[in-house]
Amino acid sequence: MRVVLLSGGVGGARFARGLEDALEPGALTVVGNVGDDLEVLGLHVSPDLDSLLYALAGLNDEERGWGRAGESWRTLESAAAWGGESWFRLGDLDLGLHLVRTQALRAGEPLSRVTARLAERAGLRTRLLPASDDPVRTHVVTPAGRFPFQEWFVTRRHEDEVDAVDVEAAAAARPAPGVLDALRDADALLLAPSNPYVSLGPILAVPAIRAELAGRRARCVAVSPLVGGRAVRGPADRMLSRMAGGTEPRHVTLCYEGLIDALVIDEADAPARADVPLVVTSTLMTDRDAARRLAEVALEAAAG
């Protein structure tokens, strides 16, 4: 069974690992969001791709929920002491990856090729693809102004309400090599329990990816990022309330209109109605076993 997952960062990474545990080795392809990518201290950082890479390689910090396990921060502290920017937390182990990626990109390699090499070095069984090699970048429109995603999320602590999300350069972006073939050849398509607007939205904003999902051959199933109408972490519930009008399952499906065949929701959100069939289970990924159980439910729903 060939499965393609569209995913954002932390929650999506946990779900991706659950899928990997539930599938045969090599059966999973993950298409990761690059709208969050940014440059810090001259280095190209891909936060969502890195979260996926670390989780699938068993290198992520389970307690903190992001970044590398066993991380330290001496380099960033030194940079700050010399007047460098320190608003975006880059750990010492994390910096090694960013140095390698940045050097390769400056040498002219596309992000997809660099990501494949990093995944190979990490021993991944799963294929990890960026949604696009083109510089797609997410901005949020708020009452206080328009901000790059990371400035709003990290510096402003995502306290501003969001009126719209603008994925800059998405209309002209092309899917990275392998993305469309993976979608066409898949036996099941899944959307991770990631923020529909700023984690999955930038992937779906690439026209050819959206068109491929709209004309899909295989079933596509999304997993809601909400539990009891609330986000497990992050601002997804606030964004849905403001931009979709609520946090019920039907509001989540509005973000994926015409793209999904079912939505997996948490028991705390049932009973409910939506424009697509709802699959009720426990969606809270408290540990690796829980992530695998959720993955199995989603795979069963995708199999029809």
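Below, each value reflects all heavy atoms present in this structure, side chains not excepted, and no hydrogens, waters or symmetry copies. None of these values were measured; they are calculated from a predicted model.
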Backbone N/O of [Y] and side chain of [X]: donor-acceptor pair under 3.5 Å:
X      : Y      : answer
Asp133 : Ser112 : yes
Glu24  : Met1   : no
Arg210 : Leu204 : yes
Thr281 : Thr283 : no
Trp152 : Asp160 : yes
Arg238 : Glu159 : yes
Thr142 : Ala144 : yes
Arg125 : Leu28  : no

> Of all residues at least two apart in sequence or in a different chain, which pass the salt bridge (Lys or Arg N to Asp or Glu O under 4.0 Å) check with Arg250?
Replying inline: Glu248

>> Asp237: which residues meet the salt bridge (Lys or Arg N to Asp or Glu O under 4.0 Å) condition with it, sequence neighbours left out?
In response: Arg230

With sequence neighbours excluded, give me every side-chain hydrogen bond (donor to acceptor under 3.5 Å, both in side chains) pair touching [range].
range            : result
residues 163-178 : Asp134-Arg174, Arg146-Asp166, Arg146-Glu168, Asp163-Arg242
residues 45-55   : Asn33-Asp48, Asp37-Ser46, His44-Ser46, Asp50-Arg101, Tyr54-Asp94
residues 7-18    : Arg17-Glu62
residues 190-208 : none

Distance (rounded to the nearest 0.5 Å) between [X] [atom1] and [Y] [atom2]:
X      : Y      : atom1 : atom2 : answer
Arg64  : Arg89  : CZ    : CZ    : 8.5 Å
Ser86  : Glu77  : OG    : CD    : 9.5 Å
Leu5   : Leu52  : CG    : CG    : 7.5 Å
Leu97  : Arg68  : CG    : CZ    : 8.0 Å
Glu85  : Leu41  : CD    : CG    : 4.5 Å
Gln150 : Thr155 : CD    : OG1   : 8.5 Å

> How would you list, by chain and number, every residue that makes a ring-ring contact (aromatic ring centres under 6.0 Å, His included) with Phe153, sequence neighbours excluded?
Replying inline: Phe149, His158

> What residues form a side-chain hydrogen bond (donor to acceptor under 3.5 Å, both in side chains) with Glu212, not counting sequence neighbours?
Replying inline: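 Glu212: side-chain hydrogen bond (donor to acceptor under 3.5 Å, both in side chains) contacts with Arg184.
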
>> Going by the rule side-chain contact (heavy atoms from CB on, under 4.5 Å), which residues pair with Ala222 if we only count those two or more places apart in sequence or in a different chain?
In response: Leu191, Tyr256, Ile260, Leu263

>> Checking Ala291 now: which residues fulfil side-chain contact (heavy atoms from CB on, under 4.5 Å) with it, not counting sequence neighbours?
In response: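 With sequence neighbours excluded, Ala291 shows a side-chain contact (heavy atoms from CB on, under 4.5 Å) to Met285, given in chain and number order.
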
Closest heavy-atom pair and its distance - [X], [Y]:
X      : Y      : answer
Ser224 : Pro193 : O-CB, 3.7 Å
Leu240 : Thr247 : CB-CG2, 4.3 Å
Phe15  : Ala298 : CZ-CB, 3.9 Å
Val276 : Thr253 : CG2-CG2, 3.9 Å
Ala119 : Leu53  : CA-CD1, 3.8 Å
Ala131 : Ile209 : O-CD1, 3.8 Å

>> Counting only heavy atoms not in Glu151 (residues, nucleotides, ligands), do more than 12 fall under 6.0 Å from its CD?
In response: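 Count over threshold, so yes.
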
> Would you find more than 12 non-hydrogen atoms of other residues, nucleotides or ligands less than 6.0 Å from Arg217 atom CZ?
Replying inline: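 Counting other residues, nucleotides and ligands, CZ of Arg217 exceeds 12 neighbours.
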
Should [X] and [Y] be counted in the same cluster of Ile, Leu, Val, Met, Phe, Trp and Tyr side chains packed under 4.5 Å apart?
X      : Y      : result
Val34  : Val10  : no
Leu76  : Leu93  : no
Leu38  : Leu99  : yes
Val252 : Val162 : yes
Leu278 : Leu254 : no

>> Under the criterion side chain to side chain contact (heavy atoms under 4.5 Å, CB included), I'd like the reasoning laid out for Leu190 against Val4: C-alpha separation, chi angles, the key distance, then a yes or no.
In response: CA-CA 6 Å; Leu190 300 174; Val4 175; over 6 Å; no

> So Phe88 and Leu90, side chain to side chain contact (heavy atoms under 4.5 Å, CB included) or not? Walk me through it.
Replying inline: CA-CA 6 Å; Phe88 195 88; Leu90 298 178; 3.7 Å; yes

> Considering only heavy atoms from C-beta outward, does the side chain of Glu109 approach that of Arg117 to under 4.5 Å?
Replying inline: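 They are in side-chain contact.
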
> Below 4.5 Å, heavy atoms only, C-beta onward: do Val221 and Leu189 meet side chain to side chain?
Replying inline: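 Counting from C-beta outward, Val221 and Leu189 never come under 4.5 Å.
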
> Which other residues belong to the hydrophobic cluster containing Val227, where Ile, Leu, Val, Met, Phe, Trp and Tyr are joined when side-chain heavy atoms lie under 4.5 Å apart, directly or via other members?
Replying inline: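 Reading the cluster by chain and number, Val227 sits alongside Val232, Leu284.
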
>> Given Pro175, which partner from the list Val31, Leu180, Leu183 fulfils the side-chain contact (heavy atoms from CB on, under 4.5 Å) test?
In response: Leu180

> Between Glu20 and Arg292, is there a side-chain N and carboxylate O pair less than 4.0 Å apart?
Replying inline: no

>> What I want to find out is whether Asp92 reaches Arg74 closely enough, with some N-O distance under 4.0 Å, to be called a salt bridge.
In response: no

>> Working note: Leu129 + Thr29, criterion side chain to side chain contact (heavy atoms under 4.5 Å, CB included); need CA distance, chi angles, decisive distance, verdict.
In response: CA-CA 7 Å; Leu129 302 173; Thr29 296; 3.8 Å; yes

>> Is there a side chain to side chain contact (heavy atoms under 4.5 Å, CB included) between Val279 and Val297? Walk through the geometry before answering.
In response: CA-CA 8 Å; Val279 179; Val297 169; 3.7 Å; yes

> What pairs of residues pass the salt bridge (Lys or Arg N to Asp or Glu O under 4.0 Å) test when at least one of them lies in residues 255-276, not counting sequence neighbours?
Replying inline: Arg216-Asp261

